[in-house]
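What follows is a single structure, written as C-alpha cells, with notes after it.
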2 protein chains.
Amino acid sequence: MVTIRELAKKCGCSASTVSMVLNNRPLARYIPATTKATIRQIAVEMKYQPNIFAQSLRANRSYTVGVMVFDITDPYCTYILRGIENKLNAASIAYLLFDAQNNRERFDRNLESMLQRRVDGLILVANSLQTDPAVLEKVEIPHVPVVVIGRELRGLEFASTVVINNHRGGYIALEHLYTLGHREIAFIRGPKTIADSVLRWEGIGKFAKEANLKISREWTLELVEVPTTSAEGLEAVKSLLHAGRRRFSAVLAFDDMTALGVIRGLSEAGLEVPRDCSVIGFDDIDAAGYYNPPLTTVRQPMLRMGEEAASALLDYVNAGQKKRKAQVVHRVLEPEIVVRRSTGPVHKAQKKTAGQLHEARKSGEQ
Amino acid sequence: MVTIRELAKKCGCSASTVSMVLNNRPLARYIPATTKATIRQIAVEMKYQPNIFAQSLRANRSYTVGVMVFDITDPYCTYILRGIENKLNAASIAYLLFDAQNNRERFDRNLESMLQRRVDGLILVANSLQTDPAVLEKVEIPHVPVVVIGRELRGLEFASTVVINNHRGGYIALEHLYTLGHREIAFIRGPKTIADSVLRWEGIGKFAKEANLKISREWTLELVEVPTTSAEGLEAVKSLLHAGRRRFSAVLAFDDMTALGVIRGLSEAGLEVPRDCSVIGFDDIDAAGYYNPPLTTVRQPMLRMGEEAASALLDYVNAGQKKRKAQVVHRVLEPEIVVRRSTGPVHKAQKKTAGQLHEARKSGEQ
DNA sequence: TCCCGAAGTTCGATTTAAATG
DNA sequence: GCATTTAAATCGAACTTCGGG
C-alpha cells in the first residue's frame, strides 16, 4: 500500500502539498494548476488510497455508523435495512451491522461494541422490548447521535425517531373491513408490552366508536410473545373457532405473520379465505404478497423509514462536523392500505359467518 | 475519552507499562502482581478503552471483516448472516455489511469500498451472477482472505468456499416424489446461468436414470430471471396447465420462491395441494414453513453455512496474524429433505392427474 | 506583501531499545 | 547479570506554522 510520503517523493514535493491538493484545502489555492494536475494524476497511477486508520485517528471519526436491528431474519428489518443502505451508500458511509436477535443481553453487548468502535452515529431498529429510554442513557455519554426506528421517544436531545402512525393504521384497517360490510369482526391484538400494539388498538377503537361498531371482548385475543409467529396466529384462530357459537366474518390481526397463520388456520378448518372469512394484517412483508391467498394489509413504508432514518443521522453527523448545532427530528410516516385477495365483501349468499360455518361442518363431519 | 497516558499518570507509571500489563505482554512478566492489579483496577475505574483507530493504525488491522450478500431482503441471505454473526460475535469481530442488491455495479463498488476500509477479510454470499473468478482477482492484490458461500471456486489460494451438495439435493428431491408414487412429474428448472441450477438438474437426472423414470421435455420449463420470484412460479405452472392434455401429479421446483408461486397457481386453477398435485421446493426459507399449505422442501443448512464460513475466515486471519501459513478450505454441506404438507402419495382414488383434472374442470365450467 | 511549499507536530497505542537500582 | 521500568520511535494523514523568493 502506497503512503502519502511515497507519493510525495514521486511527485517531487512534500506530503503536506499532496495532502492539501488531494483534499482541496484552501491552502492549496495558490498552487499552480499544472502542479495539482500532476499530483492528482500520479496519485491515480500509483493507486494511492489514504489510510483510513490514520485518517480516523487524526479526525477522531470512523466514517462508519452502527446499525442494530432486533432480528435480521425478520423481513420487516431487512427492508428498513435496504433503505438505510441506499442512503448511506450514496454518502460513502459504511455501516457495521449488529443483530440483537430479540435478546436484551445481546442488545446491550452490541451497543457496547458499537461505542467501543467509535461509530459516528447509530441507528436502532427497535421492537419495543429493547428501547426504553434507560437503554439509551449510556449512549449519551460519548454524545453519539442516534436515530430510533419504530419507537416513539421524545425528549432526548441527541435522539431522532422515525415511526409510522400506528393509530391511523389501526383505524384504516378496521375501516377497510367495515366498508366491505363486515360487522362481526374478531381481533387478534399484539402484546400489550409493545407500544405499537396499544396505538393500533386505540385507532381501532376510534373507528369503532365513530362507526358505532361494537367490539366483542369474546372475539378479542391478545398475543403474548415477541416476536410474533404465524404459529400463534394459527392457534389464536383455532381457539376462536372452538369458542363455539361465536360468529365473525373477518379477522383483524396484529401483523402479517399473525395474519398468515390465521389464514392457514382457517384453511385447515375447511374455511376459505375470503369467501368464508376475510383476514387483514399489518406491515406488508414480502410473504404477504405471495401468500396463498395474497394478504390484504396495512403497509408500513419500510424502505422510506430506513431512508429517512439514515438521512436524519447523516444530517446530524454532518452538522456536528461543521460545528453547526445539530437538530433532532421526529418523523411520522403514514401507513396505507394494500388490498389483495384475503379480504372481500360479505356476500348476500354468505348466510353464515365463519364461526357458524365451522360449527356446521363439524357437526356434518360427525 | 481517557487515553493510555492519562491512565499511566494516574497509575504513577509510564504508558509502556500500562500497555504491556493490559495486553499481557511477555515483557510484563517481571512486574509485581500487585502493580499489575492496581493498573488493571484503575483502568476499569477510569473506564479506559483503547482507541481502536490508534490500534488499527499501529497493527495495520481493522479488527473488522466485510460481508457482502447479494440481496439482503432474500431470506436465504439473512439466515446465513445470522450464522456469520454468531461466530464473529463470539470472536469480538465486527463486520461491515454490504448489499449488492443483485447488481453487478454495486457489487464492484462495494468490493472497492471494503478494500478501501481495509477489512481483515471478507465473506461473499454469492449468487452465481456475481462471482466469476475474475471478480475476485482484484481482491488478490492486497491479499485479503475471502470466503465465498454458495459458489464452487477452486484454485485461488486465498479463497475458501462453503457450498452445499446441490447434486445430492436434486437427487433426494426427486427421490422423495418417486417414493410417494409419483411417476408423472413436471420440472421447473432454475436459470442455466446459475451453477446451482445445473448441478441440481444433474442430480435429478441421476435419480431418474437409476429409477428408470422418464423426464418429459414438455413438462420441463426453465426460469430465466435472477432473482427468482413466486410470480414466475405462478406463471410457469399456469403455462404447464394450459399445455392441455399433459398429465402430471407433482411439480419439482427450482427453489422455494418458485414452489410457493406454483402452489398458488394450482390453487387459483382450482387444484388442491397435495391432493391433486404435490409440490416440492428447495432452500427451506421461513415462508416454506408457514405457507398455506406448508411446503415440503430440500433444506440448505443456512445457519451452518454462515458459521462455517465465518470460522474458516477467522482461522485464516488468525493464522496470518501468527505468521503460520494459512489454509484455505472447501466445505461441502449436505442438504436434507424436510417433509411438510405440500407433498403426498398418489392416491388410488386419484384417477386423474393434475393436468387432466384441470382440463376436466375447464370443460365443466364452460 | 503576496505566493508557494515544506518542516514539524498531532492523534493514541504499541514496541524496541535502553536505562535504572 | 538480573529484575523492573521507560524514553523514544513507529504507524500515516492532516494541519499549523514558518521561511524563502
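Per chain, numbering begins at 1; letters A, B, ... match sequence-line order. The shown structure was predicted, so the numbers you read here are calculated from the model rather than taken from an experiment.
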Check the distance between C:dA7's C1' and A:I4's CD1 and give it to me in whole angstrom.
14 Å

Using a distance-only criterion (donor-acceptor N/O pair, under 3.5 Å, no hydrogens), is the base of D:dA7 paired with the side chain of B:S16?
yes

Check the side chains of A:T17 and A:S14 for a donor-acceptor pair under 3.5 angstrom, ignoring hydrogens and angles.
yes

OP1 or OP2 of D:dT6 under 4.0 Å from side-chain N/O of B:T17:
yes

Between A:Q101 and B:N86, do the side chains contain a donor N or O and an acceptor N or O under 3.5 Å apart?
yes

Which part of the nucleic acid does A:T3 contact within heavy-atom distance under 4.0 Å: base, sugar-phosphate only, or nothing?
sugar-phosphate

Regarding A:R117 and B:T64, is there a side-chain donor-to-acceptor distance under 3.5 Å anywhere?
yes

Would you say the side-chain atoms of A:E112 and A:Q116 include a donor-acceptor pair closer than 3.5 Å?
no

Does the side chain of B:S160 pick up a donor-acceptor pair with the side chain of B:R331 at under 3.5 Å?
no

So, B:E6 and B:Y48: side-chain donor and acceptor under 3.5 Å apart, yes or no?
no

What does the inter-axis angle of the helix from C:dC2-D:dG21 to C:dG21-D:dC2 come out as, five pairs per end, nearest 10 degrees?
80°

Between C1' on C:dA13 and CD on B:E6, what's the gap in Å once rounded to a whole number?
13 Å

Side chains of A:Y95 and A:E85: donor-acceptor distance under 3.5 Å anywhere?
yes

Regarding B:R82 and A:D71, does a basic nitrogen lie under 4.0 Å from an acidic carboxylate oxygen?
yes

A:R61 has an atom CZ; how far is it from atom P of D:dA13, in whole Å?
18 Å

Report the distance from atom CG of A:L57 to atom C1' of D:dT10, rounded to the nearest whole Å.
12 Å

Nearest-angstrom distance from the residue atom CD of A:Q116 to P of C:dA13
12 Å

Side-chain N,O (A:S14) to OP1/OP2 (C:dG5) below 4.0 Å
no

With a 4.5 Å cut-off on side-chain heavy atoms, are A:V148 and A:V146 touching?
yes

Any residue of residues 20-33 of chain A with a heavy atom less than 4.0 Å from an atom of DNA chain D
A:N23, A:R25, A:L27

Give a yes/no answer on whether the side chain of A:Q55 brings an N or O atom under 4.0 Å of OP1 or OP2 in D:dG12.
no

With a cut-off of less than 4.0 Å, is there a side-chain N or O of A:Y48 near OP1 or OP2 of D:dG12?
no

To the nearest Å, how far apart are B:L7 CG and C:dT14 P?
11 Å

Identify, with sequence neighbours excluded, every residue that meets side chain to side chain donor-acceptor pair (under 3.5 Å) alongside B:R61.
B:D120

If you assign B:A54 and A:C13 each to the DNA chain C nucleotide with the nearest heavy atom, which residue ends up on the more 5' nucleotide?
A:C13

Grab the CZ-C1' distance between B:R5 and C:dG12 for me, whole Å please.
6 Å

Tell me whether the side-chain N or O atoms of B:R58 pair up with the base of C:dA13 as donor and acceptor below 3.5 Å, since no angle test is needed here.
no

In whole angstroms, how far is the C1' atom of C:dT14 from the CZ atom of A:F53?
15 Å

